[in-house]
Asker: 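Provided herewith is a single structure, encoded as structure tokens, for subsequent inquiry.
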Amino acid sequence: GSGWALCLLPIAFGTLFLWAAWRWMDRLFGRGAGLLALALLALMPQLVLLTAELRGYSLLLCLAAASLAALERGLQESSPRWIAIAAALAALMMLTHYAAVRVVGAMFLYGALRIAAARGPSRVARAWGFGQALLGGMFLLQYRWQVSHLRGGTLEYEAQSDWLKASYFRPGEEGLLAFLARQTAAVFDFLFLTRGAAVPAFLLAPFLIAAAGGVLRIYPYSGSRHSIDLALFAAAAIAFALSRLSGPRLWPALLLAAALLPGALAVVW
């Protein structure tokens with residue numbers, strides 16, 4: 001019944017998230033990128049904080065990374081079973097938080113491009129198509145029975161006019177490019193405590209989807225916990241870029257971890 005005991009569950013999900021994220025990056029980009037991503041995610045200050053809180057974000061991230069890892073394995077091995085597992089994990093992810101829609105949308109684009117380019121066995125395409133139909137049906141049901149009732153409600157009004165006001169685009173008050181630049185910098189400032197990492201942001205589909213959510217005033221595009229799902233993709237982009245320079249060596253990941261450790265400890269302290 002203690003608060004400390006209750007925190008064990010999100011901590012467990014956060015630990016599993018690191019393992020799943022490492023498996024995804026290792027399979028997708030190689031050993032060097034996997035180790036660098038692991039170092040980034042393990043010591044990212046805001047991830048450390050959220051993993052210790054009684055919130056569902058660590059479960060969201062765990063299911064997102066696991067689904068991405070399963071999808072990548074299914075595509076590489078032409079395995080309908082792993083494609084189906086990826087869809088099942090994505091379906092569970094959609095039950096945890098609204099931000100899951102961004103991850104699922106990015107996975108849809110990625111999977112469609114990979115399957116179209118590979119022209120592999122038809123059973124893989126069928127398994128992927130069935131899974132996307134399932135996810136699409138879940139989205140429609142969730143929108144019909146829950147999200148549509150929030151649109152135009154008190155909570156949405158308070159978010160857009162008060163505590164998340166800066167996260168939504170306001171035509172007439174600022175330009176579109178200014179909004180996108182400011183909020184992209186805010187996201188990276190939140191995730192890494194520095195704005196210098198914002199360069200690769202728009203190379204990633206989840207960031208484009210997130211930015212569209214803010215522009216269309218559907219979901220906050222902000223430097224807050226509402227954008228924590230983007231941490232996985234930001235770390236992947238940065239790790240991939242660094243791994244192209246360092247190769248499959250261990251020391252760059254250790255050096256990165258050593259550089260991030262003081263910031264992570266300072267935030268927690």
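For reference, positions follow the sequence shown, starting with 1.
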Asker: At what distance, to the nearest 0.5 angstrom, does CZ of Arg23 lie from CG of Leu38?
Answerer: 12.5 Å
Asker: Could you check Thr184, Val215, Leu216 and say which one makes a side-chain contact (heavy atoms from CB on, under 4.5 Å) with Tyr221?
Answerer: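 The single option meeting the side-chain contact (heavy atoms from CB on, under 4.5 Å) with Tyr221 is Thr184.
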Asker: Determine, stepwise, if the pair Ser224 / Leu164 fulfils side-chain contact (heavy atoms from CB on, under 4.5 Å).
Answerer: CA-CA 9 Å; Ser224 68; Leu164 287 172; 4.1 Å; yes
Asker: Please determine whether side-chain contact (heavy atoms from CB on, under 4.5 Å) holds for the pair Leu68 and Leu89, giving the CA-CA distance in whole Å, both sets of side-chain angles, and the decisive distance to 0.1 Å.
Answerer: CA-CA 9 Å; Leu68 286 164; Leu89 291 169; over 6 Å; no
Asker: With side chains defined as the heavy atoms from C-beta onward, is the minimum distance between His226 and Ser167 less than 4.5 Å?
Answerer: no
Asker: Locate the shortest heavy-atom distance separating Gly105 from Ile209; write the atom from each residue and the value.
Answerer: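 The pair with the smallest heavy-atom distance is C-CD1, 3.9 Å.
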Asker: For the CG atom of Leu75 and the CG atom of Leu113, what is their distance to the nearest 0.5 Å?
Answerer: 11.0 Å
Asker: Should Arg27 and Glu77 count as an ion pair when the cut-off is N to O under 4.0 Å?
Answerer: yes
Asker: Please verify the inter-ring angle class for Phe179 with Phe169; under 30° counts as parallel, over 60° as perpendicular, anything in between as tilted.
Answerer: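 Rings of Phe179 and Phe169: tilted, as their planes differ by 30° to 60°.
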Asker: Kindly work out whether a path of hydrophobic side-chain contacts (I/L/V/M/F/W/Y, heavy atoms less than 4.5 Å apart) joins Ile115 to Phe130.
Answerer: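 In one cluster: no.
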Asker: Are any non-hydrogen side-chain atoms of Leu47 and Leu61 less than 4.5 angstrom apart?
Answerer: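 Leu47 vs Leu61: side chains touch.
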Asker: Between Glu156 and Arg217, does at least one N-O distance fall below 4.0 Å, as a salt bridge requires?
Answerer: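 Looking at Arg217 together with Glu156, the answer is no, because their closest N to O distance does not fall below 4.0 Å.
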Asker: With side chains defined as the heavy atoms from C-beta onward, is the minimum distance between Ser222 and Gln183 less than 4.5 Å?
Answerer: yes
Asker: Identify the two heavy atoms, one from Cys62 and one from Leu16, that lie closest to each other, and give their separation to 0.1 Å.
Answerer: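 Shortest heavy-atom separation between Cys62 and Leu16 comes out as SG-CB, 3.7 Å.
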Asker: So, do Arg55 and Arg225 sit near enough that their side-chain heavy atoms are less than 4.5 Å apart?
Answerer: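 The answer is yes, as the side chains (C-beta and beyond) meet within the 4.5 Å cut-off.
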Asker: Applying the 4.5 Å side-chain criterion to the ILVMFWY set and letting contacts propagate, would Val101 and Leu140 be lumped into a single cluster?
Answerer: yes
Asker: Tell me the closest heavy-atom pair linking Gly34 and Met25, and the distance in Å.
Answerer: CA-CB, 3.8 Å
Asker: Rounded to the nearest 0.5 Å, how far does OH of Tyr143 lie from CD of Gln146?
Answerer: 12.0 Å
Asker: Answer yes or no: is there a side-chain heavy-atom contact under 4.5 Å between Ser79 and Arg73?
Answerer: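 Side chain of Ser79 against side chain of Arg73, heavy atoms only: no contact under 4.5 Å found.
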Asker: Could you check whether any side-chain heavy atom of Arg114 comes within less than 4.5 Å of a side-chain heavy atom of Leu71, counting everything from C-beta outward?
Answerer: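 The answer is no; the side chains never approach within 4.5 Å.
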Asker: What class does the angle between the rings of Tyr219 and His97 fall in, given that below 30° is parallel, 30 to 60° is tilted and above 60° is perpendicular?
Answerer: perpendicular
Asker: Main chain of Met94, side chain of Gln142: is a donor-acceptor contact present, judged purely on distance under 3.5 Å?
Answerer: yes
Asker: May I ask whether Leu92 and Trp145 are part of the same hydrophobic cluster, defined by side-chain heavy atoms of I, L, V, M, F, W, Y residues being less than 4.5 angstrom apart, directly or through others?
Answerer: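 In one cluster: no.
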Asker: If hydrophobic clusters are built by linking Ile, Leu, Val, Met, Phe, Trp and Tyr wherever their side-chain heavy atoms come under 4.5 Å apart, do Ile218 and Ile228 end up in the same one?
Answerer: no
Asker: Measuring from Leu135:CG to Ser67:OG, what's the distance to the nearest 0.5 Å?
Answerer: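 Going from the CG atom of Leu135 to the OG atom of Ser67 covers 8.0 Å.
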Asker: With distance as the sole test, does Thr51 use its side chain to make a donor-acceptor pair with the main-chain N or O of Ile11 at under 3.5 Å?
Answerer: no
Asker: Would you check if Tyr98 and Leu150 make a side-chain contact, meaning some heavy-atom pair closer than 4.5 Å?
Answerer: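 Tyr98 vs Leu150: side chains touch.
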Asker: If you take all heavy atoms of Leu230 and Ala210, which pair is closest and at what distance?
Answerer: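 Scanning both residues completely, I find the closest heavy atoms to be CD1-CB, 4.0 Å.
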Asker: How many angstroms lie between atom OH of Tyr168 and atom CD of Glu173, to the nearest 0.5 angstrom?
Answerer: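 Answer rounded to 0.5 Å: 15.0 Å.
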Asker: Taking all non-hydrogen atoms of both residues into account, name the closest pair between Ile85 and Ala70 and its distance.
Answerer: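 Minimum heavy-atom separation between Ile85 and Ala70: CG2-CB, 4.1 Å.
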Asker: Less than 4.5 Å apart, side chain to side chain, heavy atoms only: is that true for Thr96 and Leu63?
Answerer: yes
Asker: Might you point out which heavy atoms bring Ala69 and Ala20 nearest each other, and give the distance in Å?
Answerer: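 Ala69 and Ala20 have their closest heavy atoms at CB-O, 4.0 Å.
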Asker: Indicate whether the side chain of Glu72 and that of Tyr110 have a donor and an acceptor atom separated by less than 3.5 Å.
Answerer: yes
Asker: Hey, could you give me the CG/CE distance between Leu49 and Met44, rounded to the nearest 0.5 Å?
Answerer: 12.0 Å
Asker: Give a yes or no on whether the ring-centroid distance for Trp24 and Phe17 is below 6.0 angstrom.
Answerer: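 Here the rings of Phe17 and Trp24 have centres that are no less than 6.0 Å from each other.
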Asker: Group every Ile, Leu, Val, Met, Phe, Trp and Tyr by side-chain heavy-atom contacts under 4.5 Å, then state whether Leu95 and Met107 land in the same group.
Answerer: yes
